[in-house]
Amino acid sequence: MIPEATQRLRSAAPLLSKAASLNDARLFGVQPRRHLNVSSRRAGKINHRPPPRDRVEIPGLEAVTYADRMHYVPGLSKPVFPRWEMGHKDPRFYRSPPHRDMALHRDEPCYVFHQRSSILEGVRQALWLTKTKLTPGLPPQLLALAESSANQIADQDERVQNAINHACFWETTEAEPKECNSSTLVHNLLQLCSSLQAGRPALGRRMLAEKYSVTASWSRGEDLFQVRGQNGLLLSSAWPLPPLADRQEVEETANHELETFYPVAPTIDLQTTHLYNPSENATGFRNDYPYPHAHTLYFLDGVDRRCRLRPPQLRAKMIMFCFANALARARGHAPPEGPAPPLERPVCVQAVGTDGQTFQFVFFQLNTTELTNHSGVKNQVWLEEDVPLYDSARLRPLMRRKEVMVPAGLIGYRPETFRKFLSLYLHGAQ
């Protein structure tokens with residue numbers, strides 16, 4: 001009997017120690033740990049829908065269904081009714097035909113650049129796709145427009161700083177705003193620039209459009225490319241922009257060699273589609289629109305938080321959409337017939353891109369619409385990269401170990417950045 005009692009005590013020792021630990025945990029106010037077993041078959045089970053059963057049709061035999069009884073009957077087949085055709089079109093019940101049966105279907109693919117495209121090679125890839133020669137910086141004759149005293153705004157620096165404070169601090173309800181609202185900032189700066197309309201009546205012959213769509217089609221080698229989509233704000237004018245390069249400079253671009261990025265394909269990161277119109281070119285406006293000429297495109301990076309572009313990709317997007325607006329304007333709505341010679345009057349489009357702090361400036365000049373081969377006259381683009389409007393704008397100072405690293409408020413305002421913004425706005429209003 002003694003060995004049997006000892007064996008029972010030994011088997012009960014783990015249970016006694018566990019009970020003691022639970023009592024101690026309750027005594028000191030500590031909740032005991034619960035161990036849940038998830039190895040059960042019912043734990044975490046996902047009820048998958050069974051795949052649809054294949055309907056077997058036997059020649060010469062007709063399936064017996066419960067269509068006449070108007071209710072489900074076990075053992076009888078499910079009836080198949082013909083599709084009901086309505087007498088009118090209802091978009092809620094529209095079923096698109098297969099891609100192969102659509103009128104716009106083509107066997108050759110088309111590579112599309114849209115507003116959310118982020119190409120790998122950035123500006124280099126955009127220059128190859130548009131057959132363009134790059135010139136760093138904006139030309140002096142364009143920057144000189146804002147240096148004249150007649151083109152200065154009263155209390156210009158103070159009003160620009162108030163516009164920045166409005167976009168960064170005064171508009172938001174957040175306790176610590178993380179970034180400046182680029183849309184509000186651009187609209188405030190455009191409102192300041194439009195105050196010069198009293199001295200320049202030509203500024204009144206412009207219109208600001210939002211959410212317009214542009215489409216341009218062209219061929220490079222054996223591939224077909226298109227630019228589609230919305231790019232942001234468009235400032236259009238009743239008169240076209242004057243070109244920056246004269247005829248001699250345009251002819252000298254024929255000696256320029258386009259930079260390649262082999263082994264990366266030029267079509268990388270572009271959307272591929274087989275549904276397209278190969279000769280579609282549309283500016284987004286009717287032919288009788290009183291402001292048909294694209295003047296300046298404004299790209300607001302950060303407004304769509306689902307699509308944030310890095311600076312190289314943003315600059316490439318600006319070049320692509322400037323080219324698309326110029327090409328659609330040059331070709332119109334009719335496709336060109338045969339090889340196109342260099343344009344007698346180049347089509348020019350400007351662009352400004354910002355994330356609320358750093359600005360990018362682009363001036364694009366379309367010299368030719370012959371884009372298939374690599375030889376001949378090239379298009380031209382002037383690019384000013386990463387120009388900050390201010391260093392920092394914080395509602396509260398940045399503290400590190402009780403030391404102010406970055407003070408609160410607007411710090412490091414750069415007046416020359418707004419002068420470049422104003423120069424592009426005044427261009428073409430002489």
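Worth knowing before you read on, the calculation uses all heavy atoms, side chains too, and leaves out hydrogens, waters and symmetry mates.
- Considering every non-hydrogen atom in both His293 and Ala238, the closest pair reads CD2-O, 3.4 Å.
- Residues Leu224 and Glu108 are not in side-chain contact: their nearest non-hydrogen atoms beyond the backbone lie 4.5 Å or more apart.
- A cation-pi arrangement is absent between Arg228 and Tyr276 under the rule of less than 6.0 angstrom and at most 45 degrees off the ring axis.
- A parallel orientation is assigned to the rings of Phe285 and Tyr289, their planes being inclined by less than 30° (bins at 30° and 60°).
- Between the His274 side chain and the Asp107 main chain, a donor and an acceptor come within less than 3.5 Å of each other.
- Considering only heavy atoms from C-beta on, Leu327 stays 4.5 Å or farther from Arg329 through its side chain.
- Looking at Asp355 and Gln357, their side chains come closer than 4.5 Å, going by heavy atoms from C-beta outward.
- In terms of the ring pair (Phe, Tyr, Trp, His ring centres under 6.0 Å) criterion, residue partners of Tyr111 (sequence neighbours excluded) are, by chain and number, Phe225.
- With hydrogens and angles ignored, the 3.5 Å screen pairs no side-chain donor or acceptor of Arg315 with any backbone N or O of Glu384.
- By the ring pair (Phe, Tyr, Trp, His ring centres under 6.0 Å) test, His99 is found to be paired with no residue, residues two or more places apart in sequence or in another chain being considered.
- Contact check for Phe323 versus Leu371: side-chain heavy atoms found under the 4.5 Å cut-off.
- Checked by atom type and distance alone, the side chain of Gln365 pairs as donor or acceptor with a backbone atom of Ala245 at under 3.5 Å.
- Side chain of Asp301 to backbone of Gly353: no donor-acceptor contact under 3.5 angstrom is found.
- For Phe169, the ring pair (Phe, Tyr, Trp, His ring centres under 6.0 Å) test picks out no residue, with sequence neighbours left out.
- Side chains of Ser237 and Tyr291 form no contact here, defined as non-hydrogen atoms less than 4.5 Å apart.
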